[in-house]
Amino acid sequence: MKKKKKSQHNLFEHSEVKVKLLGTYLQKYFNIMSNTPFVNTVHYYDMFSGPGIYEDGGHGSPMIILRELKQAHFRSKARTVDLSSQYKCIFNDKDTEIIEALEKNIKEAKIHYPEIGTLEYSNKDYKEICPDVVKKLKTLLNSEKAFIFIDPYGYKDVRFSEIRDLLSNKKSEVLLFLPTHFMFRFSENGTPESLYDFINDIVPRDQWPKSVTGLDFVENLKHAFQQNLGKDFFVDSFIISRDKNQFFCLFFFTSHIYGFDRMLDTKWEIDTEDGRGWKFNAASSDLFSQVVNSPNISKFEKILEEYLEQKRSNKEIYVFTLRKGHLPAHTTQILKKWQDDGILVATLPNGKPARKSAFYISWSSYKNNQEAKIYLSVKQKRGKL
Ligand SMILES: C[S@@+](CC[C@H](N)C(=O)[O-])C[C@H]1O[C@@H](n2cnc3c(N)ncnc32)[C@H](O)[C@@H]1O
């Protein structure tokens, strides 16, 4: 029998960060899904599931998902109006032994109840199950949503066109893990055909920019994903650095602005300084440390100031904030400061001055109001006119 890599037996620290991001996001996602009258069924696909529990006791994605699901379900039941959705989880791994181990681990952990929904196990190759899932997703009703986690060992198994197909119903969200440091290294030293094929599927070869660093490579990939999907979609990245220049990356894709909002919130919960990623051994960003660093918003303050040289509505500013990878709370903090400094102009739609400290930069103001609630701009600095 082929000897398995160490990472197939143990959950390494970078994988722990990966499932931490997944779990923290799913906690928000499941709570939303279990608390809305507009969704009654959620399909959850873990395409490369692994065994759930590793030899070192570490919990992989299936256990993390089921833990969050169980908690969301019971939280929802405890509410006066129970709006719980049915969750249909499908765990897939092409290795029969692994999928059998997963089934056993889930049973023994007693972490799933039939009232939450259904569990299905499948041991197909990703290439085989992916078109089936795409077909299934095309039949979803408006009251159904889907989340797909794609966590392969390498990048050769996946193609971007498959992700695009999984998203095409606009009811799905995808989280994709890629070993970007390997890809970057290969892209420098004689690019192998498989990487060309991967990139060519996103952007024509001659339009793929050169990456000077591993981080550039991640940025270029994210930009190419975004360009390919167009403005109806949001693409985000979460970088996990193991060593200097060893970057793994989770890419998140959604067409729902609130999904994007919640993923940004998740990233800032884990990386309280930059909302960008996680560094191995960096004491200040220790995964489980209780130290909360304040967010670095000075760069964002500059670009927001430029953006507000023109009058913008609260809805436009909400979208701009997210597109720049920041949270509405950061924008509100900056706007309050500018108001105190006397450089902010805030007017109501009827042209009258707005109430102090009310900026309406939030998902609820975005969703509930057809029209803008407020317009904001900064006073031009002298010499800039
Ligand atoms: C990186 S591990 C997944 C880890 C898992 N998400 C976790 O958090 O524990 C990749 C898994 O995919 C399985 N696998 C590898 N190639 C596959 C393929 N082509 N189709 C489906 N599963 C595959 C492997 O057996 C392995 O268990």
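Numbering of ligands and ligand atoms starts at 1, following listing order. Values reported hereafter were calculated over all heavy atoms of this structure, with side chains retained and with hydrogens, waters and symmetry mates removed. Residues: numbered from 1 along the sequence shown.
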Original post:
Should Val19 be counted as touching ligand 1, given the test is an N or O pair under 3.5 Å?
Top reply: no
Original post:
Can you find a side-chain donor-acceptor pair between Ser122 and Asn92 that sits under 3.5 Å?
Top reply: yes
Subject >> Atoms of ligand 1 close to Asp157 [distance to a heavy atom under 4.0 angstrom, numbered from 1] >> reply: 16 (N), 19 (N)
**OP:** Return the set of residues passing ring-ring contact (aromatic ring centres under 6.0 Å, His included) with Phe74 (not counting sequence neighbours), or none when no residue passes.
**Re:** Tyr113
Original post:
Is Asp95 close to ligand 1, meaning an N/O of one under 3.5 Å from an N/O of the other?
Top reply: no
Subject >> Side-chain ion pair, Lys28 and Glu269, N-O less than 4.0 Å >> reply: yes
Original post:
Below 4.0 Å from any atom of ligand 1, is there a heavy atom belonging to Lys124?
Top reply: yes
Subject >> Note: Lys104-Glu100 ion pair, threshold 4.0 Å (strictly below) >> reply: no
Original post:
Any ion pair linking Lys145 and Glu173 (charged N to carboxylate O, less than 4.0 Å)?
Top reply: no
**OP:** Please work out which of Ile129, Val158, Asp93 has its closest non-hydrogen atom nearest to atom 24 (C) of ligand 1.
**Re:** Asp93
**OP:** Enumerate the atoms of ligand 1 whose separation from the nearest heavy atom of Tyr126 is less than 4.0 angstrom.
**Re:** 18 (C), 19 (N), 20 (N), 21 (C)
Subject >> Contacts of Lys337 that satisfy side-chain contact (heavy atoms from CB on, under 4.5 Å) - sequence neighbours left out >> reply: Glu301, Asp341
Subject >> Ligand-side contact atoms (ligand 1) for residue partner Asp125, heavy atom cut-off under 4.0 Å >> reply: 19 (N), 20 (N)
Original post:
What atoms of ligand 1 come closer than 4.0 angstrom to any heavy atom of Ile98?
Top reply: 25 (O), 27 (O)
Subject >> For Gly50, the ligand 1 atoms whose distance to one of its heavy atoms is below 4.0 Å >> reply: 27 (O)
Subject >> Those atoms of ligand 1 less than 4.0 Å from some heavy atom in Ser61 >> reply: 5 (C), 6 (N), 7 (C), 8 (O), 9 (O)
Subject >> Sub-4.0 Å atoms of ligand 1 with respect to non-hydrogen atoms of Tyr54 >> reply: 4 (C), 5 (C), 7 (C), 9 (O)
Subject >> Minimum non-hydrogen distance to atom 16 (N) of ligand 1, winning option of Met63, Lys94, Met47 >> reply: Lys94
**OP:** Determine the sole option in Gln86, Lys88, Glu144 for which the side-chain hydrogen bond (donor to acceptor under 3.5 Å, both in side chains) test with His43 is passed.
**Re:** Glu144
**OP:** Evaluate the ring planes of Tyr318 and Tyr366, with Trp represented by its six-membered ring, and classify them as parallel (under 30°), tilted (30 to 60°) or perpendicular (over 60°).
**Re:** tilted
Original post:
If you draw a 6.0 Å radius around CZ in Arg205, do more than 12 non-hydrogen atoms from other residues or ligands fall strictly inside?
Top reply: yes
Original post:
Among the heavy atoms of Phe177, does any lie under 4.0 Å from an atom of ligand 1?
Top reply: no
Original post:
Quick one: does Ser49 get a heavy atom under 4.0 Å from ligand 1?
Top reply: yes
